[in-house]
Amino acid sequence: MPNIKSAKKRVLVNKTKAMQNKVAKSALKTDIKKFEAAVAEGNRSEADSAYKVAVKAVDKAVGHGLLHRNNAARKKSAMTIKLNKLA
């Protein structure tokens, strides 16, 4: 356990940030899974709306530093391919 006041604060801030990151990553995974489920059902209109939400969530994750931009590009590309195969 840290003794210095600034180190104590860093521990608290890091704990808070880690929780925020965990929540954001979980929400991102949920959005992607909703898209995958819509594609699996074969429901084009639902898949379209879920795709837009998922892509926006991936872009936000990159902006917040949760995903690397290349990882995000790979995820978006894979989702686009799945959506186009559904047509």
Side-chain angles (χ1 to χ4, degrees):
M1 190 68 195
N3 293 324
I4 299 170
K5 186 177 180 181
S6 62
K8 289 178 183 177
K9 181 180 177 182
R10 292 305 328 155
V11 167
L12 295 175
V13 169
N14 287 339
K15 199 179 290 186
T16 304
K17 291 286 188 183
M19 188 56 91
Q20 288 174 347
N21 287 339
K22 189 173 186 178
V23 168
K25 280 187 177 185
S26 177
L28 173 66
K29 289 177 186 178
T30 302
D31 290 337
I32 292 172
K33 284 180 184 176
K34 284 181 183 176
F35 169 74
E36 298 286 343
V39 169
E41 286 179 12
N43 189 345
R44 176 67 188 207
S45 61
E46 191 177 318
D48 278 334
S49 60
Y51 172 79
K52 288 178 184 175
V53 171
V55 167
K56 188 172 182 179
V58 168
D59 287 336
K60 272 190 176 181
V62 171
H64 292 152
L66 296 174
L67 289 179
H68 191 275
R69 58 192 162 93
N70 291 351
N71 187 320
R74 187 174 55 82
K75 286 184 187 301
K76 291 193 296 186
S77 176
M79 286 191 290
T80 304
I81 289 168
K82 287 179 183 177
L83 186 66
N84 289 340
K85 281 186 181 177
L86 192 62

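Keep in mind it's a predicted model, so treat the numbers as computed, not measured.
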Decide yes or no on side-chain contact (heavy atoms from CB on, under 4.5 Å) for V53 and S49, but give the supporting numbers first. CA-CA 6 Å; V53 171; S49 60; 5.7 Å; no

Evaluate the criterion salt bridge (charged side-chain N to carboxylate O under 4.0 Å, His left out) for residue pair K52 and D48; output intermediate values, then yes/no. CA-CA 6 Å; K52 288 178 184 175; D48 278 334; over 6 Å; no

Begin from the C-alpha positions of D59 and K76 and carry the test salt bridge (charged side-chain N to carboxylate O under 4.0 Å, His left out) through to its verdict. CA-CA 9 Å; D59 287 336; K76 291 193 296 186; 2.7 Å; yes

Quick one: do I32 and K75 satisfy side-chain contact (heavy atoms from CB on, under 4.5 Å)? Show the steps, please. CA-CA 9 Å; I32 292 172; K75 286 184 187 301; 4.1 Å; yes

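Here the OG1 atom belonging to T80 is positioned 11.0 Å from the NZ atom belonging to K82, to the nearest 0.5 angstrom. Taken to the nearest 0.5 Å, the CD1 atom of I81 stands 14.0 Å off from the CG atom of L86. To the nearest 0.5 Å, atoms CD (E36) and NZ (K33) are separated by 10.0 Å. For the atom pair NZ (K25) and CG (L67), the distance works out to 7.0 Å, reported to the nearest 0.5 Å. Rounding to the nearest 0.5 Å places CG of N71 at 11.0 Å from CG of L66.
Nearest approach of D31 to A54, heavy atoms of both residues: O-CB, 4.0 Å. Closest heavy-atom contact between N3 and K8: O-CE, 3.6 Å.
Residues V55 and F35 form no side-chain contact, since every pair of their non-hydrogen atoms from C-beta on lies 4.5 Å or further apart.
A donor-acceptor pair under 3.5 Å is formed between the side chain of H68 and the backbone N or O of N70. Proximity of a side-chain donor or acceptor of T30 to a complementary backbone N or O of S26 within less than 3.5 Å is detected.
Residues satisfying the side-chain contact (heavy atoms from CB on, under 4.5 Å) test with K5, not counting sequence neighbours, are none.
Heavy atoms of other residues, nucleotides or ligands lying less than 6.0 angstrom from CG of L12 number more than 12.
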